[in-house]
Structure formats: structure tokens, C-alpha cells
Amino acid sequence: MSHESLLYTVTQLAAGLGITVRTLHFYESQGLISPQRAGNTRVYTQRDRARMILILRGKRLGFSIKEIKEYLELYDIDPTHAQQTKALLKAVQSRIHSLEEQRLALEETLIELREIERQATDALKTIETQPKAARKPAVATK
DNA sequence: CTTCTTACA
DNA sequence: TGTAAGGA
């Protein structure tokens with residue numbers, strides 16, 4: 001396994017992943033990655049890079065740092081990846097369910113807003129149609 | 001100039 | 001996560 005030695009500096013890895021150095025420091029502070037150190041300077045390995053790719057995907061799909069961290073921890077131990085795969089499936093199904101609930105709530109909100117929009121539009125149409133003489137100002141004109 | 005930590009937004 | 005600050 002001689003390919004496990006490709007190393008990166010913070011700047012290189014950040015650029016390669018399309019993120020900032022600050023982001024790498026952030027995930028490290030959250031315990032999701034733990035790069036080696038050459039003195040006090042961080043040295044990232046291929047493994048760190050692979051983990052970051054998983055982290056970024058998890059974030060993109062809406063998972064919390066905690067959830068992503070738990071998944072990565074399982075990924076480390078269980079070699080067969082059986083346990084983490086089951087956990088992943090569960091988390092993914094949960095996320096799908098959550099998003100579907102949000103979609104339902106969103107659709108109901110849109111229905112209500114469109115109803116209000118319709119009523120307001122009708123009300124204005126009625127008002128604008130009335131002759132000026134028929135309108136009664138709420139406040140007397142100076 | 002690059003990197004690191006700490007802290008606040 | 002961005003940004004700023006201060007040190008190595």
C-alpha cells in the first residue's frame with residue numbers, strides 16, 4: 001500500500017477540495033479529521049483527503065457534523081463496513097423522511113399564501129374598479 | 001510570506 | 001465559516 005503516503009499541506013488540500021484553509025481547521029476542531037503534524041504545521045494524508053470528501057458530501061446532503069462524525073468513526077473500526085452501512089441506510093432514510101415532511105409543510109404554506117394572494121388580488125380589483133366619487137378617504141385631505 | 005491559535009460575527 | 005489579531 002504505497003499510495004497511502006501522498007501528503008498535502010493545508011493550502012494544497014484546501015485548493016484541491018475547493019474549500020478554504022479555515023474550513024479544514026474547522027472540521028479538525030470538530031474532531032472529524034486529525035492531520036499529522038510536522039512540528040506545528042499540519043500534514044494531510046490521502047486518508048484525511050478521503051474523509052474530507054465524505055464530510056463534504058454529508059454536509060451537502062444536509063447531515064449534521066455529529067452524524068457525519070459518527071459515520072466516519074464507524075468507518076474506521078468495522079472493516080467489513082457492515083455496521084456503518086446499516087447506520088448509513090438508517091440515517092439516509094431518516095433524512096429522506098424529514099425532507100418529505102418539510103416538502104409537505106412547504107406545499108401547505110404555498111397553498112395558504114396563494115389563497116391570500118387570490119383574495120388580495122380580487123379585493124384590489126374591486127376597489128380599483130369603483131368610480132373615484134364613490135371612494136371614501138379614511139383621512140381627510142388637507 | 002505561510003501557518004497557527006483564539007475569538008468574535 | 002469569514003475575518004481579524006498577534007506570534008512563530
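All chains are named by letter (A, B, ...) in the order of the sequence lines, taking the proteins before the strands, and each is independently numbered beginning at 1.
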Q) According to the salt bridge (charged side-chain N to carboxylate O under 4.0 Å, His left out) rule, which pairs have a member within residues 20-35 of chain A, sequence neighbours left out? A)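 Listed once each, the pairs are A:E28-A:R37, A:E28-A:R42.
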Q: Any salt bridge (charged side-chain N to carboxylate O under 4.0 Å, His left out) involving residues 52-68 of chain A? Give me the pairs, sequence neighbours left out, ordered by first then second residue.
A: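 As it turns out, there is no salt bridge (charged side-chain N to carboxylate O under 4.0 Å, His left out) pair with a partner in residues 52-68 of chain A once direct neighbours are skipped.
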Please report, to 0.1 Å, the donor-acceptor pairs under 3.5 Å made by any side chain of residues 78-91 of chain A, with sequence neighbours excluded.
| unit_1 | atom_1 | unit_2 | atom_2 | d |
| --- | --- | --- | --- | --- |
| A:D78 | OD1 | A:T80 | N | 3.1 |
| A:D78 | OD1 | A:H81 | N | 3.3 |
| A:D78 | OD2 | A:A82 | N | 3.1 |
| A:D78 | OD2 | A:Q83 | N | 2.8 |
| A:Q84 | NE2 | A:L74 | O | 3.2 |
| A:Q84 | NE2 | A:D78 | O | 3.0 |
| A:T85 | OG1 | A:H81 | O | 2.4 |

Would you say the side chain of [Y] lies within less than 4.5 Å of the side chain of [X], judging by non-hydrogen atoms?
X	Y	answer
A:L17	A:Y8	no
A:V10	A:H25	yes
A:T23	A:T20	yes

Shortest non-hydrogen contact between [X] and [Y], atoms and distance:
X	Y	answer
A:F63	A:V92	CZ-CA, 4.1 Å
A:L72	A:L54	CD2-CD1, 3.9 Å
A:G58	A:I68	C-CD1, 3.7 Å
A:V43	A:A38	CG2-CB, 3.7 Å

**Q.** chain A contact limits on DNA chain B, taken 5' to 3' with a cut-off of 4.0 angstrom to heavy atoms
**A.**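 The protein-touched segment is B:dT3 to B:dA7.
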Q. So which of residues 29-39 of chain A are in contact with DNA chain C, with a heavy-atom cut-off of under 4.0 Å?
A.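 Nothing qualifies; none.
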Q: Would you please say whether a donor-acceptor pair under 3.5 Å links the side chains of A:T126 and A:T129?
A: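 Result is no, nothing qualifies.
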Q: List for me each residue that meets salt bridge (charged side-chain N to carboxylate O under 4.0 Å, His left out) alongside A:E117, sequence neighbours excluded, and say none if there are none.
A: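 Not a single residue meets the salt bridge (charged side-chain N to carboxylate O under 4.0 Å, His left out) criterion with A:E117.
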Q) Looking at residues at least two apart in the chain, or sitting in another chain, which of them share a salt bridge (charged side-chain N to carboxylate O under 4.0 Å, His left out) with A:R118? A)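 Counting only residues at least two positions away or on another chain, A:R118 forms a salt bridge (charged side-chain N to carboxylate O under 4.0 Å, His left out) with A:E115, A:D122.
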Q.
Within residues 52-71 of chain A, which residues have any heavy atom lying less than 4.0 Å from an atom of DNA chain B?
A.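 Per residue number, the list is empty: none.
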Q: Find the distance A:I19:CD1 to C:dT1:P and express it as a whole number of Å.
A: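 Whole-Å distance recorded here is 8 Å.
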Q: For A:D76, check side-chain hydrogen bond (donor to acceptor under 3.5 Å, both in side chains) against everything at least two apart and list the hits.
A: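 By the side-chain hydrogen bond (donor to acceptor under 3.5 Å, both in side chains) rule, A:D76 matches A:R47, A:R51.
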Cut-off 3.5 Å, no hydrogens considered: what does the side-chain donor-acceptor table look like for residues 98-108 of chain A, sequence neighbours left out?
| unit_1 | atom_1 | unit_2 | atom_2 | d |
| --- | --- | --- | --- | --- |
| A:S98 | OG | A:Q102 | NE2 | 3.4 |
| A:E101 | OE2 | A:H97 | NE2 | 3.2 |

Under 3.5 Å between N/O atoms: give me all the protein pairs with nucleotides 3-8 of chain C, atom names plus distance.
| unit_1 | atom_1 | unit_2 | atom_2 | d |
| --- | --- | --- | --- | --- |
| C:dT3 | O4 | A:R22 | NE | 3.0 |

Q.
Reading 5' to 3' and counting Watson-Crick or G-U wobble pairs with both distances under 3.5 Å, write the dot-bracket notation for DNA chain B, | for bases paired outside the strand.
A. .|.||||||
